Amino acid sequence: MLRSHTCGQLRVSDVGSEATLCGWVESCRDHGGAVFIDLRDRYGATQVVIGPPEANQQQIDFAGRIGAEWVLKATGVVSHRLEGKTNEKLATGDIELRCAQVEVLNTSAVPPFVPSQSDLPNEDLRLKYRFLDLRRPQMQRSMITRSQIIKEMRDYFAEHDFIDVETPILGRSTPEGARDYLVPSRVHPGHFYALPQSPQLYKQILMVAGFDRYVQVAKCFRDEDLRADRQPEFTQLDLEMSFVDAEDIIAIIDGLVARVAKKILGREVQLPLARMSYEEAMRRFGSDQPDLRYALEIVDITEIAKTVEFRVFRGTADEGGFVRGIKVDGRAEEFSRRRLDELTEYVKRDFGARGLAWFRVEPDGSLWSPTSKNFTADELNRITAAMSAKPGDLLLFLADSWNVTCRGLAGLRKRLGGELKLYAADSLHCSWITEFPMFEKDDETGNWHAKHHPFTAPLASDLPLLKTNPEACRAQAYDLVINGSEAGGGTIRIHDAATQSQVFDLLGIDQETARDRFGFLLDALRFGAPPHGGIALGIDRWVMLLGGLENIREVIAFPKTQKATDLMTEAPGTVDTAQLNELQLRTVSVKT
RNA sequence: GGCGCUGUAGCUCAAUUGGUUAGAGUACCGGACUGUCGAUCCGGUGGUUGCGGGUUCGAGCCCCGUCAGCGUCGCCA
């Protein structure tokens, strides 16, 4: 070891002993007759003093020329700071290391930004110089938290008899789901591997193989557009269990949530976690990942709308649409015409809503809006009653299809929840959404496709609906939602070939295709597959949510930009013609 | 692919309605200084206002295109 202590370690109790520190120059203050250097490492910072009587003037002059982010090794005697010269901002602020000279382990070019900088540089610069950005204490904290969370997960599952099994990164492309990242095969020209979107099929095979309880910290890849909480390459805590039902999976994850909350945040989580059916979530919050840290619950006034004169409401209701709204408690005054116009524009632009109807509840309890003249007093009274509106409230309504009202109101909830700060910054709300529909209809093609994935088992009670009414058929599926973000999701799988065929039929996957793509799984199901199910947790999101961060890039050491590039390595890049030739590949331009 | 925001010195930002030589803090360079810790003081370097085009007597500012970063919708079984 080049050092005897870390830069966050020395205290008054060490005074008088010799110590050697290694670290980066956080700042170098040259006073001519003495030089003060704050030496930083991941553990903290310690002041190193090069001055008399230890150092001669030549050594002091040398130290004065040391620059930011140089790497130093400093050996000296741990000393009390002078009376009144202690620094309360540093854990090591009562002492300093007095040295004759420091050894320069490495110099540094003048950095484009320094880790201690208060005004963060633009993110593209942070990403290009990620090694500097990662020196920032906040980034180091995030990466440490991430490490601790993964450790807790591994410990927890090891204690519950799970076996960690690695599954291949080079697999084969699947027909459904996200776009695959493809890897060309040199040995089989024209053939491609696909990087896993998840280890889904492998873990099911492991159940058939008798591994009973499988877990893995798995890298997953999906070639889709990025978001603040979505990267093309991400990490899942993936698990699968045999001889279980949904209750067992939920219970074991409940235990994990409580443990991680306790160990990482020091907080107690009430178990069991709350549950809500998909139907209830959509009805009350318009989303299958509702943020339950605040209310803003959706109220359906379609029945009232059918009886009013106002064409927008009545017409929509009569044509089978819905009129639903939310109530902002007592904050109507904060909504200027301009702000309401912005919200209107928002629901039109982002969700294709036809408009936003709003009402202020006046001091006398009456409703006012630009359109209120289109309503009779009785109509307005019934709306007020349905919404339990009080003076000072703001009412927002969408009159549209079920989907648009769901998406639009969910969007408004999310936006207003944030803008109005309807929840405490440190609040944590975890819950389960269950009983998802098995299938969704593609609006364009009219085809059915799996809401989760094609191996999801229907609720036993809904099994007959597979033939008669697929739309109503619910799945044994469960999503873990934390603070309005999908933090995990899983299902009980189909474990018999007959049901699996039936589902494939419904999805329009013919026997030939099924055999071609999933033959190995279908085979496995014929050779004694146990009932099984599992879940995958989004580790990046867990770290983000538990850390109170709003961006997934803050918890990934080397994240990609919105266009899926790495600004540091400049990936993706071009390759030599020789490499392409070896793979028998040629690039062509395709007009899109 | 659509919509929106941002882009000015190494970095963070300013620049009146379109009007003189684009400024400040910080970093950097030189000098002074023994107690600083956002050190201080004196002096200095540093600009294709992302890029290309247009309007105008005149563009950092207006218009069109484009590139990049971010947010969002579509997309993400």
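Only this structure's heavy atoms are used, side chains among them; waters, hydrogens and symmetry mates stay out. Below, chain A is the first sequence line, B the second, and so on; all start at residue 1. The structure displayed is predicted, hence computed values, not measured ones.
B:U17 and B:C11 have their P atoms separated by 28 Å, with the value rounded to a whole Å. On the C1' atoms, B:G19 is 36 Å away from B:G71, given to the nearest whole Å. Rounded to whole Å, the separation between the C1' atoms of B:U40 and B:G35 comes to 12 Å. Annotation: B:C3 and B:U45 have their P atoms spaced 46 Å apart (nearest Å).
Residue A:Glu471 qualifies as open at atom CD: its count of foreign heavy atoms under 6.0 Å is 12 or below. Annotation for A:Lys560: atom NZ counts as buried by contact number, over 12 foreign heavy atoms lying within 6.0 Å. Within a 6.0 Å radius of OH in A:Tyr193, other residues, nucleotides and ligands contribute 12 heavy atoms or fewer. Open room surrounds NZ on A:Lys128; 12 or fewer heavy atoms of other groups in view lie less than 6.0 Å from it. Atom CD of A:Glu342 has more than 12 neighbouring heavy atoms from other residues, nucleotides or ligands inside a 6.0 Å radius.
Proximity of residues 564-571 of chain A to RNA chain B (heavy atom under 4.0 angstrom from any strand atom) is restricted to A:Thr565, A:Leu567. Contacts between residues 511-519 of chain A and RNA chain B, defined by a heavy-atom separation below 4.0 Å, involve no residue at all.
A:Phe455 and A:His453 have tilted rings, their planes meeting at an angle from 30° to 60° on a 0 to 90° scale.
The CG-P distance, from A:Asp61 to B:G30, rounds to 13 Å in whole Å. If you take CH2 of A:Trp70 and P of B:A27, they are 17 Å apart, rounded to a whole angstrom.
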Nucleic acid footprint by protein, nucleotides 35-41 of chain B - heavy-atom cut-off 4.0 Å, B for base, S for sugar-phosphate alone
BBBSB--
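Along RNA chain B, the nucleotide nearest A:Arg349 and the nucleotide nearest A:Tyr346 are compared for position; the residue whose nucleotide lies closer to the 5' end is A:Arg349. Between A:Arg227 and A:Ala178, the residue whose closest nucleotide on RNA chain B is further toward the 5' end is A:Arg227.
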Show the atom names and distances, to 0.1 Å, of all donor-acceptor pairs under 3.5 Å that link a side chain in residues 404-411 of chain A to residues at least two apart or in another chain.
unit_1   : atom_1 : unit_2   : atom_2 : d
A:Thr405 : OG1    : A:Arg324 : NH1    : 3.1
A:Thr405 : OG1    : A:Ser401 : O      : 3.2
A:Thr405 : OG1    : A:Trp402 : O      : 2.8

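Judged as a side-chain contact (heavy atoms from CB on, under 4.5 Å), and not counting sequence neighbours, the contacts of A:Thr561 are A:Leu127, A:Lys563, A:Thr565, A:Leu567.
Taking the centre and axis of the six-membered ring of A:Tyr278, the NZ or CZ atom of A:Arg474 falls outside the cone set by 45° and 6.0 Å.
Nearest to the side chain of A:Asn551, among B:G71, B:G74, B:G69, sits B:G71. When distances are taken from the side chain of A:Glu224 to each of B:C75, B:G71, B:C70, the shortest belongs to B:C75.
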Give each protein N/O atom lying under 3.5 Å from an N/O atom of nucleotides 9-11 of chain B, with the pair distance.
unit_1 : atom_1 : unit_2   : atom_2 : d
B:C11  : O4'    : A:Pro112 : O      : 3.3
B:C11  : O2'    : A:Gln117 : NE2    : 2.6

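Contact annotation: A:Arg553 reaches the phosphate of B:G71 (side-chain N/O to OP1 or OP2, under 4.0 Å).
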